[in-house]
Structures are given as C-alpha cells and as structure tokens.
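Owing to the predicted nature of the structure, the values given are computational and were not obtained by experimental measurement.
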Amino acid sequence: MSNPLIVQDWISTHQCEMSENAIRDLFQPAGHYRISCAKYPVGASFAGASIGGMWFVLSGKCEVKFPDRVRLDAGQFAECPAGEFLFTVLGDREVSLVKVWLLPEGYRSA
C-alpha cells in the first residue's frame, strides 16, 4: 500500500508569495534540479508519467491520480511519486503548474 500524498499550503511554510522565482530560489544549486512550468486549459485531462518530485500549483485547481488521488488548489504543493498519473483540471480556470525534481548525479551542473 502506498503512502498518502501530503498537500501543503505554501503560505503556512514560506514567508513570501508563491511564484516561479520563489520556487526556483528554494532549489539550489540550480544546476541540480529540473524545474518545469506548464499551463493547462479548463477541461484538460490527460494521462502521463513522471519521475518523483514536487508539484506546485500557482493558479487554478487540479486533481491527480497516482494511484492515490490528490487535489491541489492554487497556493498548494505536494511531493508526488514517480510513475503513471491521470491529470485533470478542475473548475473554470486554467492551471499553472511548476514541477521540480532532483537531476540524477551525472546530469547535474555546478
């Protein structure tokens, strides 16, 4: 049985507004992490696969099934597992998402 995903509120753990730059500042040195930003339109739903990492929702809300389901609203983040997932935008606003993962040692730069 997998561990349930823990959703956290950015504002309760950080002293600044959640933004792409604030997230990038957390993951240093920058050459050790891949940081990927994406926007998904209202109604988007798709299957995918990913390595494990942190997912941050800057705006909108979504549901991700890993196999455990997790709902992330604007201003929330979670450490998501590696593997296949089903991603769905919820509500009437596009989702702006930032994903961060640690690069394997051989792919890191100074």
Path from Val64 to Phe77 over hydrophobic side-chain contacts below 4.5 Å:
no
Ile35 CD1 to Glu20 CD distance, which is reported to the nearest 0.5 Å
7.5 Å
Has the side chain of Gln15 got a donor or acceptor atom that lies under 3.5 Å from a matching backbone atom of Ile11?
no
For Phe27 and Met54 the tightest heavy-atom approach is CZ-CG, 4.1 Å
Just how far is it from atom CG of Leu102 to atom NE2 of His32, taken to the nearest 0.5 Å?
8.0 Å
What is the distance from atom NE2 of His14 to atom OG of Ser19, rounded to the nearest 0.5 Å?
11.0 Å
Distance-only, no hydrogens or angles: does the Arg108 side chain make a donor-acceptor pair with backbone N or O of Leu103 under 3.5 Å?
yes
CG of Asp73 to CD of Glu63: how many Å apart, nearest 0.5 Å?
11.0 Å
Non-hydrogen atoms of Gly53 and Trp101 that approach each other most closely:
CA-CB, 4.2 Å
Minimal heavy-atom distance between Gly91 and Lys61, with the atoms involved, is CA-CE, 4.5 Å
Just checking Gln28: does its CD atom have more than 12 heavy atoms from other residues, nucleotides or ligands closer to it than 6.0 angstrom?
yes
When the ring planes of Trp55 and Phe87 are compared, do they come out parallel, tilted or perpendicular, using 30° and 60° as the limits?
tilted
Closest approach of Pro81 and Leu5, non-hydrogen atoms and distance?
CD-CD2, 3.5 Å
Over all heavy atoms of both residues, which pair between Ala47 and Leu86 is shortest? Give the atoms and the distance, please.
N-CD1, 4.0 Å
Please find the pair of heavy atoms, one from Cys62 and one from Val57, that lie closest to each other, and give the distance.
SG-CG2, 4.0 Å
Test item: Leu58 and Met18 side chains (from C-beta on) under 4.5 Å apart, heavy atoms
yes
How far does CD of Gln8 sit from CD of Gln76, to the nearest 0.5 angstrom?
10.0 Å
From Leu97 atom CG to Leu72 atom CG, the distance as rounded to the nearest 0.5 Å
8.0 Å
Same cluster (ILVMFWY, side-chain, under 4.5 Å), Tyr40 and Ile23
no
Evaluate the ring planes of Phe46 and Phe85, with Trp represented by its six-membered ring, and classify them as parallel (under 30°), tilted (30 to 60°) or perpendicular (over 60°).
perpendicular
Stepwise side-chain contact (heavy atoms from CB on, under 4.5 Å) check, Glu79 with Ile6
CA-CA 7 Å; Glu79 186 169 350; Ile6 297 171; over 6 Å; no
